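Encoded as structure tokens, the structure appears first; notes follow it.
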Amino acid sequence: MSSAPPSAPPSGPIPGAPALSLRGLTKRFGATTAVDALDLDVPAGSFFGLVGPNGAGKTTTLSMATGLLRPDAGTVAVLGTPLWTGASAAVAAKRLLGVLPDGLRLFDRLTGAELVRYAGLLRGLPRDVVAERTVELLAALDLTGAADVLVVDYSAGMTKKVALASALVHAPPVLVLDEPFEAVDPVSAAGIRAILRGFVDGGGTVVLSSHGMDLVERLCDRVAVVASGRVLAAGTVEQVRAGTSLEERFVALVGARPADAEALAWLRTSSR
Amino acid sequence: MVAHLLSLKLRLLRNGLRRSPWQVVALVLAGLYGLLVVALLVGSLVALRTTPAQTAATALSLGGGLLLLGWALVPLVAFGTDATLDPSRLALLPVRARQLVPGLLVAGVVGVPGAVTALAALATVVTWSRGPLVVAVALPAALVGLATCVAVSRATTTAAAGLLRGRRTRELGAGIGVLVVGVLGWVPLALSGSGGPDAEDLRRAGAVVGWTPLGWAWTAPAEVALGRPGAGLAKLVLAALLLVLVLAGWAAALERALVTSAGAGTGHRATVSSGAGLPGLRGLPARALARLESGPTGAVAARALRYWRRDPRYLTALVALVAMPLLVVLLGAASVLPSGAAALAAAPVLGWALGWTGHNDVAYDGSAVWLHVASGLPGRADRVGRAAALLVWALPLLLVAAVVAAALDGRWWLLPATTGTALALLGGGVGVSAVASAATPYPVPEPGANPFATPRGATVATLLAQLVTTVVTTVVALPAGALGVAALVTDRPGLAVALSWGCLVVGLAIGAGAAAGGVLAGAGVFERRGPQLVAATSR
């Protein structure tokens, strides 16, 4: 890093740069290509939904976009700061990100409060700031009663919520959330939606992946449809759904097979 | 049903092999090892044919009894058991336990331990090919013995898995099991200290074991060969009854397992209690930990210290580490070991074990280590934090052990030597661990997972990583150890004192240097390999 050229990547957000800029992102696992030269721009200040069928490469894409998975090719920039081009730039880019991954463990032998504090301290926040924010976050996510319970004993929905609190504690300008509403009950989901809405209204950027088209349509102002590791359509929700509902458009884009009337006939109870 | 379960087992085995080349290597190595054991066992059993019947009877009674005991107990605590046909996974199928038992029994023979036992059991028929009547008893006895071995291992694991349902009880049970085995490991040493058994002791022990359920099947043909056909038949009948009993017990445990699903008891919501590890360890440590959390490094250290007392895997290691020097001292006091030598070894052995505990630390985090990677945590904060969490209690423990050992031994001038050697081993271990845990994490069981399951394909990577870290640590600490040994063996008192203090100085330098160097090198490795660590721990 000592021999950095004069035009070294700046270590802060660049005004006007997209919150997240993915270029030619590629990841192969053995013979399967999970993400295939994917290009995607998430404008700063947008509430961005990433939708796609199972196995589309959403989680792989978001893992590469957050520094958790090294791409085989391509670049990632967070507010103009490159993520995969060197250690010091990577640290600067990661500082701008709040991450909620899907399918990874938490340090679940910590209590909920300890985990959120831990996440804040790892980010280098002062102790009193961390303590204050932890109390507020747990209250906002209705986890105050479980603050001193080990995360391993949390339900799936509570685990999601405490992970979200850990992603928010350092007040990042860009939030990347993989399936944030999975296993979360409707009441908590409403609370999370309100928090995220307020976050975007305050100038932040949220990128989330979801299976729920209704949810994305209601919540997000921009959306990208991903399948087989490529972006099939991206833009504002109005542009992508093109007059129909997002769900219909999604099914048309991804190319669902038409339901065959004869198939699975034996499944109908009347045919027994 | 038998064919179904057998083909399921074979297919799981094949798909496991397809998933990773390491699995193939592991299976080949296990197979080679198994072949070696089979060759030794079958060779001995065939050779026993030409010995007096009494000798063969004693050998088979003790060996067979040990084998059956091993099948019953080892799967309970060895994290290497095979859980491919975990009964709780069959819970959703509309089948009764009775239908599953024969298939699971046959499938249990598939695999290296099953195959070795089967071949050895059949070889006992050769041992007893001393007349038609003996063979007529030996063949069914061997089959009953083999079936009992497999059935009893399945029965104990199924029953234990059923008993240890809640997270706490399960973790406690696994911890106690590990400790029991750890203590049992010392029994042979204790026995050998008392002069060792002679042939007559063995014969008597064999006779006794032969009449316990452990030896019925294995000694039935022996009774016939020794001219007591009545006793032989009685033992054969008893062995068959035992098998029926074990199968019935297994079926009952299985029936229970089939109506409680795999996930039951893990996802339940906890009550208000904080459930934070040993109750006696709260209060003051909690306040001290909170004070420690003043930055990334302190946070990592505090988190690691919390894990030392809350994660059953760490807790077990901790109790074993603290108990180890006590055992050495106790054995010394019981004059099983020459007390001086044992006491002198206590601190260095403890130092080595303490330093080595962290060599796979990242793997114990599991994929939770993503938080460190996503946070852009400096590698140095991660490495220093983890090392500090160990050293903060390991150093005092080591010093106390060295002083107590010197008091027991009486040769106080050797205290600097044992301390120096121990510090070199501790520091060397910490340094090697700081690099190894970032460079080569190998799979470990997850904290909440079924303690009777092992991550698949871990054996070879585990052995390699453990071997290399051990060897490197030993080599690093060698100069201090050499000075210490020289201080011990020299017969010139003045020189001994000088060498002893020299050992302390060298040991301190090596320990501090190795720990600092390892932490620095490990920091770079951790930063470079962050994404790979997440990938390696989230498989």
Side-chain angles (χ1 to χ4, degrees), chain A residues 29 63-64 66-71 83-84 87-88 90-101 103-111 113-115 117-128 130-131 145-156 158-159 163 166-167 170 176, chain B residues 167-168 266-277 286 289-291 293-300 302-304 306-312 314 365-379 381-382 385 446-448 524 527-535 537-538:
Chain A
F29 296 109
S63 300
M64 290 190 287
T66 51
L68 295 178
L69 183 68
R70 197 183 294 281
L83 180 59
W84 289 109
S88 66
V91 170
K94 284 174 180 176
R95 198 168 291 147
L96 305 170
L97 286 172
V99 186
L100 170 68
L104 296 180
R105 298 183 70 90
L106 297 171
F107 284 104
D108 56 14
R109 302 285 154 156
L110 300 179
T111 67
E114 283 167 357
L115 179 64
R117 279 209 305 273
Y118 188 49
L121 290 166
L122 289 185
R123 296 282 188 171
L125 296 182
R127 184 165 48 168
D128 45 345
V130 170
D148 294 326
V149 176
L150 294 191
V151 173
V152 67
D153 291 328
Y154 276 16
S155 70
M158 293 161 78
T159 309
S166 309
H170 62 294
V176 180
Chain B
R167 173 174 70 80
R168 294 289 189 81
T266 52
H268 70 96
R269 209 174 146 161
T271 44
V272 191
S273 99
S274 91
L289 284 179
R291 198 156 304 139
E293 293 179 317
S294 56
T297 310
V300 171
R303 198 273 303 168
R306 291 197 169 101
Y307 264 58
W308 272 105
R309 69 173 218 254
R310 285 186 198 162
D311 186 324
Y314 282 101
D365 295 352
S367 53
V369 74
W370 75 264
L371 188 62
H372 290 199
V373 177
S375 301
L377 179 71
D382 178 277
E446 293 192 350
E527 276 176 18
R528 272 195 307 280
R529 286 180 42 87
Q532 283 93 321
L533 288 175
V534 176
T537 49
S538 57

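The shown structure was predicted, so the numbers you read here are calculated from the model rather than taken from an experiment. Below, chains carry the letters A, B, ... as their sequence lines are ordered, and counting in each starts from 1.
- No other option in B:Gly376, B:Gly385, B:Gly530, B:Ala302 has as many heavy-atom pairs under 4.5 Å with chain A as B:Gly376.
- Among the candidates A:Ala119, A:Pro101, A:Ser63, A:Gly124, the residue making the largest number of heavy-atom pairs closer than 4.5 Å to chain B is A:Pro101.
- Pairing each heavy atom of B:Ala368 with each of A:Phe107, the nearest pair is O-CE1, 3.3 Å.
- Each of B:Pro296, B:Ser375, B:Ala381 has some count of heavy-atom pairs under 4.5 Å with chain A, and the biggest count is that of B:Ser375.
- For A:Arg117, the salt bridge (charged side-chain N to carboxylate O under 4.0 Å, His left out) partners two or more places apart in sequence, or in a different chain, are B:Glu293.
- Contact annotation: the side chain of A:Leu121 never approaches that of B:Val300 to less than 4.5 Å [non-hydrogen atoms, C-beta and beyond].
- Although no hydrogens or angles enter the test, the distance criterion places no donor-acceptor pair under 3.5 Å between the side chain of A:Lys94 and the main chain of B:Leu377.
- The structure places CZ of A:Arg105 at 6.5 Å from OG of B:Ser367, a figure rounded to the nearest 0.5 Å.
- Note that CG of A:Leu122 is 10.0 Å distant from OG1 of B:Thr297, once rounded to the nearest 0.5 Å.
- By the ring-ring contact (aromatic ring centres under 6.0 Å, His included) test, B:Trp308 pairs with B:Tyr314, B:Trp393, sequence neighbours left out.
- Atom CG in A:Leu106 sits 12.0 Å away from atom CG in B:Asp365 (nearest 0.5 Å).
- Atoms CG and CH2, from A:Leu100 and B:Trp370 in turn, are 6.5 Å apart once rounded to the nearest 0.5 Å.
- Residues A:Glu114 and B:Arg310 share a closest heavy-atom pair of OE1-NH1, 2.7 Å.
- Note that CG of B:Leu371 is 10.5 Å distant from CG of A:Leu104, once rounded to the nearest 0.5 Å.
- Considering all non-hydrogen atoms of both residues, B:Arg303 and A:Leu110 come closest at CG-CD1, 3.7 Å.
- Distance check, rounded to the nearest 0.5 Å: CG of A:Leu150 to CZ of B:Arg306 gives 11.0 Å.
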